[in-house]
Amino acid sequence: MTGAAWSLAVLGEALPEGALPSAGAAAGSAQGLAVQLWALARLGLCPPPAWLAAWLAAMWAALPAARSHDTAMAAWALASLGVAPPGDWLAALCGRAGALAGRLGPQELPPLLWALARLRYRPQLRVAQALLLRGQALAAAGQLSPQGLALLLWAPAALGLAPRSGWVDALLAAACGYLPLFRAREASALLVGLVRLGHIPGEAWLREWWQHTAGMLPYAHGRQLVLLLWGSVQLGQAPPAWWMHAWQAATVRAMAAGQVSSQGYGIMWAALQQLELELPPAWLGVYWRASSSPAALAGLDCLAAERSLAGLAAVAGRLPEGLAPPRHVIYEYKLPRRACYWYSFDTWS
């Protein structure tokens, strides 16, 4: 059944009802077990707990003979299904992956690191060092895709690892040549990784960054537009004026399409209030309408409201006459703040 499930996953077809493969049918074969779970994850089918327990036991026994590809595939499948194995099980998987780090390919290492970050499992130091060094070697050889490079910078930061600055610089040098191929999703992930690592690229790299990211702004989703601006400001870099013009035009489209959440608006204003710029009346008009829509106000929490109001207060002196926030918008933004204050009072009284 493993081969059938794999074929259906590749084709994007659903698994027939009642055709769940038997865990342990490929007992002794780490490859077969990894393919089983990978196929089910690709099909969006999460097995019942008893099945998963049997699979974990079978994979545990097969780990000593697992290949590098098997470890990456198994980790990705578990993370995709939201299944967090016990710590000792993950330690064994990471130990095997670390022993085979030199064999991890460009299609295996980034998904493995992504999976560990999603599972919130920080590998042993020697394993982490082996994986990061392998990533540096793959990047230097030009074997990593833009997605792989972005994940390689994002995942260590998400895991709380602190690679040396030379390691980050080596990855950035490799990424520089691929910037024309980056999409907004990879670019925002790379930037978030740099923020978490506290690493500021050099001026030459930033010039390339501004040039190439400006071209992706018209096609970026609202979430990515927010992260690109926020990440730049967090690194202490004020975008060039021409980049900001392109960003404003892109966010007008994204806001009108409802692609920015209330939390996104809060993060956006946290960045905007640190930049000395005048916001065009047309941009503000779209913002007022989009941010006060029921969809944008859904899920508005205290932190998002505070960030938005602080940002608006910071730029209040630069707002064109007649474009102050509508009263109903301010009222909606004050509600979460009041709820937050009452919560604090009830908690400590």
Side-chain angles (χ1 to χ4, degrees), residues 79-80 82 110-111 113-115 117-118 120 145-155 157-158 175 179 181-197 209-210 212-235 237-239 243-275 277 279 283-284 286-312 329 332-333 336:
S80 298
L113 290 173
W114 173 86
R118 284 291 299 269
R120 298 183 179 180
S145 66
Q147 183 182 25
L149 287 165
L151 282 174
L152 202 55
L153 276 169
W154 172 84
L179 282 178
L181 302 178
F182 269 64
R183 297 172 301 177
R185 183 175 183 178
E186 290 95 19
S188 58
L190 184 148
L191 197 59
V192 170
L194 289 176
V195 170
R196 290 179 173 177
L197 292 173
W209 170 262
W210 297 126
H212 292 297
T213 54
M216 65 182 68
L217 295 178
Y219 314 102
H221 188 274
R223 171 180 171 81
Q224 295 149 9
L225 291 169
V226 169
L227 288 176
L228 287 171
L229 181 67
W230 171 85
S232 302
V233 172
Q234 288 295 304
L235 290 175
Q237 305 300 310
W243 193 95
M244 282 303 304
H245 287 313
W247 182 88
Q248 289 171 3
T251 50
V252 164
R253 167 191 54 78
M255 290 188 297
Q259 294 179 358
V260 183
S261 65
S262 57
Q263 288 76 17
Y265 282 121
I267 295 172
M268 183 179 71
W269 278 110
L272 285 173
Q273 67 176 310
Q274 299 183 54
L275 299 175
L277 76 161
L279 297 168
W283 188 94
L284 286 165
V286 174
Y287 166 72
W288 298 136
R289 291 192 297 273
S291 63
S292 59
S293 68
L297 292 173
L300 180 64
D301 57 19
C302 181
L303 180 59
E306 289 285 356
R307 283 172 168 172
S308 293
L309 289 174
L312 288 167
V329 175
E332 293 287 352
Y333 273 73

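Bear in mind that the values here come from a model prediction, so they are computed numbers and not experimental data. Position 1 is the first residue of the sequence, and the numbers go up from there.
With sequence neighbours excluded, the residues that form a side chain to side chain contact (heavy atoms under 4.5 Å, CB included) with S261 are Q263. Scanning for side-chain hydrogen bond (donor to acceptor under 3.5 Å, both in side chains) contacts around W210 gives an empty result, with sequence neighbours left out. Checked against side-chain hydrogen bond (donor to acceptor under 3.5 Å, both in side chains), T213 has the following partners two or more places apart in sequence or in another chain: W243. Every residue two or more places apart in sequence or in another chain that forms a side chain to side chain contact (heavy atoms under 4.5 Å, CB included) with A175 is listed here: L149, F182, L190. Under the side chain to side chain contact (heavy atoms under 4.5 Å, CB included) criterion, S293 pairs with A295, A296, sequence neighbours left out. E186 is linked by a side-chain hydrogen bond (donor to acceptor under 3.5 Å, both in side chains) to R183, counting only residues two or more places apart in sequence or in another chain.
Closest non-hydrogen pair, A254 versus L225, comes out as CB-CD1, 3.8 Å. For M255 against V260, the heavy-atom pair with the smallest separation is CG-CG2, 4.1 Å. Among all heavy-atom pairs drawn from W154 and A189, the shortest one is CB-O, 3.8 Å. Closest approach of P239 and L229 over heavy atoms only: CG-CD1, 4.0 Å.
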Go through the steps to decide whether L153 and L197 satisfy the test side chain to side chain contact (heavy atoms under 4.5 Å, CB included), and finish with yes or no.
CA-CA 9 Å; L153 276 169; L197 292 173; 4.2 Å; yes
Check: residues 216-224 side-chain donor-acceptor pairs under 3.5 Å, at least two apart:
unit_1, atom_1, unit_2, atom_2, d
H221, ND1, R223, N, 3.1
Q224, OE1, H221, N, 3.1

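At a threshold of 4.5 Å between non-hydrogen side-chain atoms, the residues S188 and L228 count as touching. Counting heavy atoms from C-beta outward, L275 and V233 have side chains that approach closer than 4.5 Å.
From L194, atom CG reaches atom CD of Q234 across 12.5 Å, with rounding to the nearest 0.5 Å. A distance of 8.5 Å separates CG of L235 from CH2 of W230, quoted to the nearest 0.5 Å. How far CG of L151 is from CG of L113: 8.0 Å, rounded to the nearest 0.5 Å.
Applying the side-chain hydrogen bond (donor to acceptor under 3.5 Å, both in side chains) test to residues at least two apart or on different chains, the pairs with a partner in residues 245-254 are T251-W283.
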